[in-house]
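Every chain is numbered from 1, with letters handed out A, B, ... down the list of sequences. Note that the coordinates shown come from a computational prediction; the quantities given were computed from them, not determined experimentally.
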There are 2 protein chains.
Amino acid sequence: MSGRTLTKILIVEDEPEIAQLVNLYMGKEGFRTSVAKSGGEALKLLKSERPDLVILDLMLPEIDGIEVCKRIRNAPDTALLPIIMLTAKAEESDTIVGLELGADDYVTKPFSPKALVARVKALFRRLDRETSDQRLSFSFGPLAMDLSRHEVTVNGKEVSLTAKEFGLLEYLLRHQGRVLTRDVLLNTVWGYDYYGTTRTVDVHIRRLKLKIPLLNDAIISIKSLGYKLSDQAPALS
Amino acid sequence: MSGRTLTKILIVEDEPEIAQLVNLYMGKEGFRTSVAKSGGEALKLLKSERPDLVILDLMLPEIDGIEVCKRIRNAPDTALLPIIMLTAKAEESDTIVGLELGADDYVTKPFSPKALVARVKALFRRLDRETSDQRLSFSFGPLAMDLSRHEVTVNGKEVSLTAKEFGLLEYLLRHQGRVLTRDVLLNTVWGYDYYGTTRTVDVHIRRLKLKIPLLNDAIISIKSLGYKLSDQAPALS
DNA sequence: CACAATCGTAATCAAACCGTAACATGCGGC
DNA sequence: GCCGCATGTTACGGTTTGATTACGATTGTG
């Protein structure tokens, strides 16, 4: 997430107080921002500023949010640009139809700025993770995993893991923060053809935790669902 | 929306001119219609015609609109049937305010047929979207829910919920503003095969409210009908 | 072939969750 | 204003779920 410091956010909102508020909170988080007060301005700023994310109000003068959204999706260089849409609950009855076409998340007004910040971050995390597919190394606080060398170190000291343990940890790291059911883990780490009891997963989680005490608190068990690796990596020691 | 061409609408209205008028306009829109002139007839037609939406006058001979509404909601196979209620301005003051009834939308007489058509379409759109909604995160004022991380935060602070609590809250958020009977909740959150008392729902609602005080006012109990999550998200903090 | 490492299963144990029942309160109808 | 039903609230015990440990099977290796 530290690589996000130069992230630019375009805020498209005609009500000055709201724009101001969002601007303020995004700034606090270290995001750079620009504000457009109309659809037309938004389209201009998209070209000049090349933001990494757009917060887009649905109701706008001139060109409305739906239209802006469509244009963003239809232009090749912005087709994948993440969009968070702001909608008033009251609008829903009439206008929301067009929403299916492509916002990545929605926030209904009134919203808390904090919640919006959380959503922005969550969206970035999601996207980061999606692009993490080809990664060959991961880190989690003092833990580092290197796939090419098949090596895991904690504070620089190597930890020897078995194949299953390694695969399991790799999968957890790739999907940091997301809840993974035992079935998902069995299907991916063990293989789709594997038929065994889900308890197997528990035992291997246990073995991981024994070898790497760091993970004791980091791997969180969620009852009746599965496990997740905390997205807060523990501090370096 | 083109899949709506075979949509059937039941019009429950004792005044012939109004019934006629509504009938005409709905027909123009390509909806199939049936008309009931009394509450009793409405209940009969509900069974034989299986409409996709009901336009229901509040004032009716025999069985009034409120009662018809209740019965629709309490019958398992019509519990989620969308209802638009027609109310006279005068009635508003006493009956409706406190009750909230179980309708999905209201139109006050006198109304323009075009406006009614617009409301019908809007309601269908809303419901279509609700059922096809694959969102993984929701917000409700300062509350944010993230399904993939199985995490609920209020003002950014995490709240730990059990599986049932989480599922219940998710369903409420997905159907914000709709009245949900205990049976509907049991069937969806607990599962179609679940057999237990409806009181279970009350207890879980209670537990949700304890963990998330925000919901104290937001989850509204409607006597002899069920619960609904307010469609106004609470103001930001 | 023997040995060691790894892995899956089963058994045991603890804790959390959940449903029910029982009691309390509130609300509408008469 | 009282009665009865619907809902709110609380507490308790059973059941489910997960943690943990031990063991036997399997695999690979020298």
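- Atom pair B:Ile205:CD1 and D:dA6:C1' shows a separation of 15 Å (rounding to whole Å applied).
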Can you check salt bridge (Lys or Arg N to Asp or Glu O under 4.0 Å) on A:Asp202 and A:Lys209, steps first, answer last? CA-CA 11 Å; A:Asp202 301 45; A:Lys209 287 184 170 185; over 6 Å; no
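- A:Lys211 places a side-chain N or O within 3.5 Å of a backbone atom of A:Ser160 that can act as its donor or acceptor partner.
- Between A:Thr200 and C:dT9, a side-chain N or O to OP1/OP2 separation shorter than 4.0 Å is present.
- The side chain of A:Arg206 contributes an N or O atom lying less than 4.0 Å from OP1 or OP2 of D:dT20.
- Atom CG of A:Leu225 and atom P of D:dT16 are 18 Å apart (whole Å).
- Listed pair B:Trp190 / C:dG19 meets the phosphate criterion, a side-chain N or O lying under 4.0 Å from OP1 or OP2.
- Distance, B:Lys211 NZ to D:dT10 P: 15 Å, rounded to whole Å.
- Between the side chains of B:Thr33 and B:Asn23, at least one donor-acceptor pair of N or O atoms lies under 3.5 Å.
- When the C1' atom of C:dT6 is taken as reference, atom CG of A:Leu210 falls 15 Å away, rounded to whole Å.
- Regarding contacts with the backbone of D:dG8, a side-chain N or O of B:Tyr227 is found under 4.0 angstrom from either OP1 or OP2.
- B:Tyr194 has a side-chain polar atom (N or O) that falls below the 4.0 Å cut-off from OP1 or OP2 of C:dG19.
- With distances taken from any side-chain atom of B:Arg207 to the nucleotides C:dG8, C:dG19, D:dC5, the minimum falls on C:dG19.
- A:Lys164 comes within 4.0 angstrom of the backbone, heavy atoms only, and of no base.
- OP1 and OP2 of D:dG18 both lie 4.0 Å or more from every side-chain N or O belonging to A:Ser224.
- Rounded to an integer number of Å, the gap from A:Leu168 CG to C:dG8 P is 11 Å.
- Contact annotation: B:Thr197 side-chain N/O to C:dA21 OP1/OP2 distance is not under 4.0 Å.
- Atom CG in B:Asn216 sits about 11 Å away from atom P in D:dG8, given to the nearest Å.
- At whole-Å resolution of the value, NE2 in A:His204 and P in D:dT20 are 15 Å apart.
- Between A:Arg199 and D:dT17 there is no side-chain polar atom (N or O) within less than 4.0 angstrom of OP1 or OP2.
- Counting only distance, with no hydrogens or angles, the side chain of A:Lys228 and the backbone of B:Arg149 share a donor-acceptor pair below 3.5 Å.
- Rounded to an integer number of Å, the gap from A:Glu165 CD to C:dT6 C1' is 8 Å.
- The side chain of B:Asp202 lies closest to D:dT7, out of C:dG19, D:dT7, D:dT10.
- Comparing A:Ser221 and B:Lys209 against DNA chain D, the residue whose closest nucleotide sits nearer the 5' end is B:Lys209.
- In plain terms, the two heavy atoms of A:Asp231 and A:Gly177 that are nearest each other are OD2-CA, 3.4 Å.
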